[in-house]
J.: 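Just dropping this structure here.
Every value quoted in this text rests on a predicted model; they were computed, and no experiment measured them.
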Amino acid sequence: MISRRVLLAVPALLALWPLARWWRPSALPPVPVLAPPQGPLRVYHLGHSLVGPDMPHMLAQLAPQGHRWNSQLGSGTNLKQHWEPDLAILDFETSNQPPAFRAAREAIGSGDYDAVVLTEMVELRDAIRYFDGAEYFHRWASLARAGAAKTRVYLYETWHHLNDPEGWDSRIASDLDRLWLQQLTGTDSRAAPDRPAYLIPAGQVMAAVARAAKAGEIDGLNAREDLFARSETGALDTIHINDLGAYVVALTHFAVLYQRAPLGLPHQLSRADGSAAQSLSATAAEQVQRIVWQVVLAQPRTGLALAAQAGGGA
């Protein structure tokens, strides 16, 4: 038998039902389609070790001659730590070396850059809940917009640990809209619908490449672990990518920033220290490049005209 207390609670819950719509985020405003850049870009990267020194250096080798970049990085650094001068940034001295380093507040507000690429720490839920990720993303994006009308703002979507208890693939699939777009950048996207943060869907690309590798569709790659670093003893690093992973992420940045298919780009590149990076075979590079382009075109928030025509996404 239903208790009297439960019966009394039902009308109260029904009365609150119309308010439920306020608890669900509204759809994000669509992003305006961007005109492709007409020449090399100057790019600023703000983030942590999932940016690293090698990926931007690889991007510069893929990009048109004259591409330039600067960065401010740390280890596990969130956007709040980058913004607040009294908060320490782990490994600041070792992560920020000339000529790549330029202090973030001065650089992003200078108007010197065609593109500012922001990313947030992972665990992303913690960044949003405990470190005001949405607020500080909006601050950095607003600073970039105030610097120059030409500056485009981008969100670099990353990934979580391979051994995430909810599943690496599952987190990448579910986090893009719910966490990266709605929660981290949603406030900013609604505040600046004409100049929003565009998406660099590196997490989605990494997952797609990992699926293809597992299916035997990429020459020389067999599993997602092939994209991740290992220690000198062979222990797997479950979050940091190796040279092959950095190449995948650099291709994704190229495709979005330059709005060009990465097909035919070089695959034998160097690291930031000048040493030769581990590389895919020519066949594998072509296979990966095609996957990158397919994923980028499937995401309308990249700002590409072909992606907008395809529709879908947040």
J.: Could you see if Leu28 belongs to whatever hydrophobic cluster contains Leu124? Use Ile, Leu, Val, Met, Phe, Trp, Tyr and a side-chain cutoff under 4.5 Å.
T.: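 Cluster IDs for Leu28 and Leu124 match.
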J.: Measuring only between side-chain heavy atoms, which start at C-beta, is Pro300 closer than 4.5 Å to Val31?
T.: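 A side-chain contact is absent here, since even the closest heavy-atom pair is not under 4.5 Å.
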J.: When you compare the side chains of Arg102 and Tyr113, does any donor N or O come within less than 3.5 Å of an acceptor on the partner?
T.: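 Distance-only check passes for Arg102 and Tyr113.
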J.: Within the distance-only criterion (no hydrogens, no angle test), does the side chain of Asn70 pair as donor or acceptor with the backbone N or O of Ala100 below 3.5 angstrom?
T.: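 Confirmed, Asn70 side chain pairs with Ala100 backbone.
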J.: Tell me, do Leu62 and Tyr247 make a side-chain contact under 4.5 Å, heavy atoms counted?
T.: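 Yes; the side chains approach each other to less than 4.5 Å.
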J.: Is it the case that the side chain of Ser275 and the backbone of Arg271 share a donor-acceptor pair, with hydrogens and angles ignored and the cut-off at 3.5 Å?
T.: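 Flag not set: sc Ser275 to bb Arg271 has no pair under 3.5 Å.
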J.: Enter the distance from Arg230:CZ to Asp237:CG here, rounded to the nearest 0.5 Å.
T.: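 One finds 10.0 Å between CZ of Arg230 and CG of Asp237.
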J.: Is it the case that one hydrophobic cluster holds both Ile291 and Leu306, taking links as side-chain heavy atoms less than 4.5 Å apart, direct or via other members?
T.: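 Yes: a chain of side-chain contacts under 4.5 Å links Ile291 to Leu306.
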J.: Quick check: do Leu280 and Leu244 have side-chain heavy atoms less than 4.5 Å from each other?
T.: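 They are in contact (side-chain heavy atoms under 4.5 Å apart), so the answer is yes.
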J.: Check whether any side-chain heavy atom of Met206 lies under 4.5 Å from a side-chain heavy atom of Ile241, and answer yes or no.
T.: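 Yes, at least one pair of side-chain atoms sits under 4.5 Å.
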J.: Please, which pairs that meet salt bridge (Lys or Arg N to Asp or Glu O under 4.0 Å) have at least one residue in residues 285-299, sequence neighbours excluded?
T.: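 Only Glu286-Arg290 qualify under salt bridge (Lys or Arg N to Asp or Glu O under 4.0 Å).
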J.: Side chains of Thr77 and His82: is there a donor and an acceptor less than 3.5 Å apart?
T.: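 Side-chain D/A pair, Thr77 to His82: absent.
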J.: Which heavy atom of Phe92 sits nearest to which heavy atom of Leu73, and what is that distance?
T.: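 Distance-wise, the nearest heavy atoms are CD1-O, 4.3 Å.
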J.: For the CZ atom on Arg139, are there more than 12 heavy atoms of other groups (residues, nucleotides or ligands in this structure) within a distance under 6.0 Å?
T.: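 Yes, because the 6.0 Å sphere around CZ of Arg139 holds more than 12 heavy atoms from other groups.
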J.: Given the rule that I, L, V, M, F, W and Y join up when any side-chain heavy atoms are under 4.5 Å apart, are Met121 and Tyr130 in one cluster?
T.: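 Yes, it is one cluster - the side chains of Met121 and Tyr130 are joined through contacts under 4.5 Å.
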J.: Below 30° counts as parallel, above 60° as perpendicular, anything between as tilted: where do the rings of Tyr198 and Tyr154 land?
T.: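 Answer is tilted, since the angle falls between 30° and 60°.
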J.: Can you give me the closest heavy-atom contact between Tyr258 and Leu41, atom names plus distance?
T.: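 Closest pair (atom of Tyr258, atom of Leu41, distance): OH-N, 2.9 Å.
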J.: Tell me, yes or no, whether the heavy-atom count around Gln65 atom CD, taken from other residues, nucleotides or ligands under 6.0 Å, exceeds 12.
T.: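 For Gln65, atom CD is not crowded (no more than 12 foreign heavy atoms under 6.0 Å).
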J.: Does atom CZ of Arg178 have more than 12 heavy-atom neighbours, drawn from other residues, nucleotides or ligands, at distances under 6.0 Å?
T.: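 Above 12, so yes.
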J.: Determine, step by step, whether Ser270 and His57 satisfy the side-chain hydrogen bond (donor to acceptor under 3.5 Å, both in side chains) criterion, reporting the C-alpha distance in whole Å, the side-chain angles of both residues, the deciding distance to 0.1 Å, and the verdict.
T.: CA-CA 8 Å; Ser270 65; His57 183 71; 3.2 Å; yes
J.: What I want to check is whether the side chains of Thr187 and Glu135 have a donor and an acceptor closer together than 3.5 Å.
T.: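 No - no donor-acceptor pair under 3.5 Å links their side chains.
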J.: Let me know which of Gln81, Glu84, Glu120 forms a side chain to side chain donor-acceptor pair (under 3.5 Å) with Tyr136.
T.: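 Testing Tyr136 for a side chain to side chain donor-acceptor pair (under 3.5 Å) against Gln81, Glu84, Glu120 leaves exactly one candidate, Glu84.
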J.: Tell me whether Gln259 contacts the main-chain N or O of Leu304 through its side chain, where contact means a donor paired with an acceptor under 3.5 Å.
T.: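 No: the side chain of Gln259 does not pair with the backbone of Leu304.
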J.: Give, for atom NE2 of His253 and atom CE of Met55, the distance between the pair rounded to the nearest 0.5 Å.
T.: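 Rounded to the nearest 0.5 Å, the NE2-CE separation comes to 3.5 Å.
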J.: What closest approach, in Å, do Ala272 and Pro53 show between heavy atoms, and which atom pair accounts for it?
T.: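 Closest pair (atom of Ala272, atom of Pro53, distance): CB-O, 3.6 Å.
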J.: Any side-chain donor paired with an acceptor under 3.5 Å for His160 and Asp175?
T.: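 Judged by distance alone, the side chains do pair up.
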J.: Looking at Asp188 and Arg145, is any side-chain nitrogen of the basic one under 4.0 Å from a carboxylate oxygen of the acidic one?
T.: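 Between Asp188 and Arg145 there is a salt bridge, with a charged N closer than 4.0 Å to a carboxylate O.
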J.: Is the shortest distance from a Lys or Arg side-chain nitrogen in Arg152 or Asp114 to a carboxylate oxygen in the other one below 4.0 Å?
T.: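 No, Arg152 and Asp114 are not salt-bridged.
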J.: Grab the two heavy atoms, one from Val122 and one from Ile239, that are nearest each other, plus how far apart they are.
T.: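 What the structure gives for the nearest pair is CG2-CD1, 4.1 Å.
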J.: Between atom CG of Leu59 and atom CG of Leu269, what is the distance when rounded to the nearest 0.5 Å?
T.: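 Rounded to the nearest 0.5 Å, the CG-CG separation comes out at 10.5 Å.
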J.: Do Val51 and Ile89 share a hydrophobic cluster (ILVMFWY, side-chain heavy atoms under 4.5 Å, transitive)?
T.: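 Each belongs to a different hydrophobic cluster.
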J.: Could you check whether any side-chain N or O of Asp91 sits under 3.5 Å from a backbone N or O of Thr94, counting only pairs where one atom can act as donor and the other as acceptor?
T.: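 Side chain of Asp91 to backbone of Thr94: no pair is present.
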J.: Is the backbone of Arg301 close enough, under 3.5 Å, to the side chain of Gln299 for a donor and an acceptor to pair up by distance?
T.: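 Such a contact is absent between Gln299 side chain and Arg301 backbone.
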J.: Over all heavy atoms of both residues, which pair between Thr185 and Leu155 is shortest? Give the atoms and the distance, please.
T.: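 Closest heavy-atom pair between Thr185 and Leu155: CG2-CD2, 3.7 Å.
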J.: Verify whether one side chain among His240 and Ser49 offers a donor that lies under 3.5 Å from an acceptor in the other.
T.: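 Side chains of His240 and Ser49: pair found under 3.5 Å.
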J.: Determine whether the side chains of His161 and Thr238 contain a donor N or O and an acceptor N or O closer than 3.5 Å.
T.: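 Short answer, yes.
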J.: Determine the interplanar angle of the Trp159 and Phe228 rings, folded into 0 to 90°, and report it as parallel if under 30°, tilted if 30 to 60°, perpendicular if over 60°.
T.: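 Perpendicular: the ring planes of Trp159 and Phe228 meet at over 60°.
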J.: Testing the 3.5 Å rule here: is there a donor-acceptor pair between the side chains of Asp219 and Thr283?
T.: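 No - no donor-acceptor pair under 3.5 Å links their side chains.
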J.: Please report the shortest heavy-atom distance between Val248 and Thr252, naming the atom on each side.
T.: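 Scanning both residues, the minimum pair turns out to be O-OG1, 2.9 Å.
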J.: Is Thr119 reaching over with its side chain to a backbone N or O of Tyr156, donor-acceptor style, under 3.5 angstrom?
T.: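 Yes, because the side chain of Thr119 sits within donor-acceptor range (under 3.5 Å) of the backbone of Tyr156.
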J.: Has Glu106 got more than 12 heavy atoms of other residues, nucleotides or ligands less than 6.0 Å from its CD?
T.: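 Atom CD in Glu106 is crowded, with more than 12 foreign heavy atoms closer than 6.0 Å.
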J.: So, taking the atom named OG in Ser279 and the one named CD in Gln268, what distance separates them when rounded to the nearest 0.5 Å?
T.: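 Between Ser279 OG and Gln268 CD, I get 4.5 Å after rounding to 0.5 Å.
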J.: Both conditions, 6.0 Å and 45 degrees, for the charged tip of Arg42 above the ring of Trp69: are they met here?
T.: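 The answer is no; the distance or angle limit is not met.
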J.: Between Arg171 and Glu157, is a salt bridge (charged side-chain N to carboxylate O under 4.0 Å, His left out) present by the stated rule, with each step listed?
T.: CA-CA 12 Å; Arg171 287 296 304 272; Glu157 173 225 8; over 6 Å; no
J.: Group every Ile, Leu, Val, Met, Phe, Trp and Tyr by side-chain heavy-atom contacts under 4.5 Å, then state whether Tyr44 and Trp83 land in the same group.
T.: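 In one cluster with Tyr44: Trp83, yes.
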